[in-house]
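What follows is a single structure, written as structure tokens, with notes after it.
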Amino acid sequence: MTVSGGAQIAAEVSAPRGAGAAGASSMALPRRKLQGLVAATITPMTENGEINISVIGQYVDYLVKEQGVKNIFVNGTTGEGLSLTIQERQQLAEEWVTQGKNKLDQIIIHVGALCLKESQELAQHAAAIGADGIAVIAPFFLKPSNKDALIAFLKEVAAAAPTVPFYYYHIPPLTGIKICAEELLNGIQAQIPTFQGLKFSDTNLLDFGQCVDQNGSRQFDLLFGVDEQLLSALIMGATGAVGSTYNYLGKRTNQMLEAFERQDLPLALKYQFNIQRFINFVVKLGFGIAQTKAIMTLVSGIPMGPPRLPLQSASQEFTDKAEEKLKSLESSFLF
């Protein structure tokens, strides 16, 4: 199926997962398009703050069967990746790949770190376990000062997994790095042959639009990361989306995508506005990773546990109000 404007949403037939590191010195594998919704996964934790991999199999089944989401982005911002140890990140990546086998279409592992060597270690591990792609955030403590410095860092990480599709995770509101994604894309594949695209988590639609315009031959996956603005990005040419709300609003967002694919823009807009009402409501209450965990526990019935310090758990008041708002919007979701 093809979205108006040329952005394909349906997943394409692809090579099997798991060929990763075995051919690290050989030619890169045929690339697959990463399209449609990609859930930025939450890291389940026990009440004492340890990772809880025992529920990941249930989590995979929930995403596929209840939300219709078959692509995931592991150990990113929503997954508290940079609050986890290297060993925890590897353990989680292994469990997601194991549990997702023959159920999920694509598993992208975020391997970004402040330390280049750690990021390379994570990239090698992701390749070895058969991840479908890796993503890297820009280092944001000692920051790259310009495009060339950022690409030099990304190039070294990508080289550690030379057969694995590589994505840049662009999220300037958190990194403070203001290098435009459009500027980064210009000529990047000459520097990073495995470069596949980017996760664009910014509200700067001018920058995103220029990425799409520059990507006229459609060789890159341009994945939008601001859930409440997804319809705008689709109109501009986004090929997919990565977000936290697709964990529990994936079914509704897929309905919006389907309406958009049918070129029923008024119906797609109704879905987007409905989703925005919920997001706007929880943002006003105070919305972050802890609150995402609380909502996911509420909606899915799978215990996500608390966030890791320094984040604080969501209040019961927040959870109660979010539940009430979801119930109030359910009838309008059904139209």
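Along the sequence shown, the residues carry numbers beginning at 1. FYI, side chains are in, hydrogens and waters are out, and symmetry mates aren't considered; it's all heavy atoms of this structure.
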Considering only heavy atoms from C-beta outward, does the side chain of [X] approach that of [Y] to under 4.5 Å?
X	Y	answer
I53	P44	no
N71	I108	no
Y169	T77	yes
V299	L249	no
I188	K155	no
L37	L257	yes
F208	D202	no
Y271	T253	no

What I want to check is whether the side chains of Q67 and Y248 have a donor and an acceptor closer together than 3.5 Å. no
Please report the shortest heavy-atom distance between [X] and [Y], naming the atom on each side.
X	Y	value
E182	Q214	O-NE2, 3.0 Å
A158	T194	CB-OG1, 4.0 Å
V111	S119	O-OG, 2.7 Å
T175	F140	O-CB, 3.5 Å
R89	L122	CZ-CD1, 3.4 Å
L198	A181	CD2-CB, 4.0 Å

Check this for me, if you would: do E323 and K327 make a salt bridge, where the nitrogen-to-carboxylate-oxygen distance has to be below 4.0 angstrom? yes
Treat each ILVMFWY residue as a node, draw an edge where side-chain heavy atoms are under 4.5 Å apart, and state whether [X] and [Y] are in one component.
X	Y	result
L34	V97	no
M304	V74	yes
I137	L311	no

Under 3.5 Å, sequence neighbours excluded: what are the donor-acceptor pairs made by side chains of residues 278-295?
{"from": "Q291", "atom 1": "OE1", "to": "G288", "atom 2": "N", "distance (Å)": "2.8"}
{"from": "T292", "atom 1": "OG1", "to": "G288", "atom 2": "O", "distance (Å)": "3.0"}
{"from": "K293", "atom 1": "NZ", "to": "T43", "atom 2": "O", "distance (Å)": "2.9"}
{"from": "K293", "atom 1": "NZ", "to": "E80", "atom 2": "OE2", "distance (Å)": "2.8"}
{"from": "K293", "atom 1": "NZ", "to": "P306", "atom 2": "O", "distance (Å)": "2.8"}

Neighbour count >12 (heavy atoms, 6.0 Å) for atom CD, Q312: no
Parallel, tilted or perpendicular: ring planes of F195 versus F220, cut at 30 and 60 degrees: perpendicular
In terms of relative ring orientation, are Y59 and W96 parallel, tilted or perpendicular, with 30° and 60° separating the classes? perpendicular
Let me see the working for L205 and M236 under side chain to side chain contact (heavy atoms under 4.5 Å, CB included), right down to the final yes or no. CA-CA 9 Å; L205 289 174; M236 297 187 81; 4.0 Å; yes
Check step by step if side chain to side chain contact (heavy atoms under 4.5 Å, CB included) holds for I109 and H125. CA-CA 10 Å; I109 308 296; H125 177 264; over 6 Å; no
Verdict with reasoning, K321 to E317, per salt bridge (Lys or Arg N to Asp or Glu O under 4.0 Å): CA-CA 6 Å; K321 288 183 176 179; E317 180 184 10; 3.1 Å; yes
Side chain to side chain contact (heavy atoms under 4.5 Å, CB included) between L116 and V157, worked out: CA-CA 7 Å; L116 173 61; V157 180; 3.7 Å; yes
Verdict with reasoning, V212 to F200, per side chain to side chain contact (heavy atoms under 4.5 Å, CB included): CA-CA 11 Å; V212 175; F200 188 98; over 6 Å; no
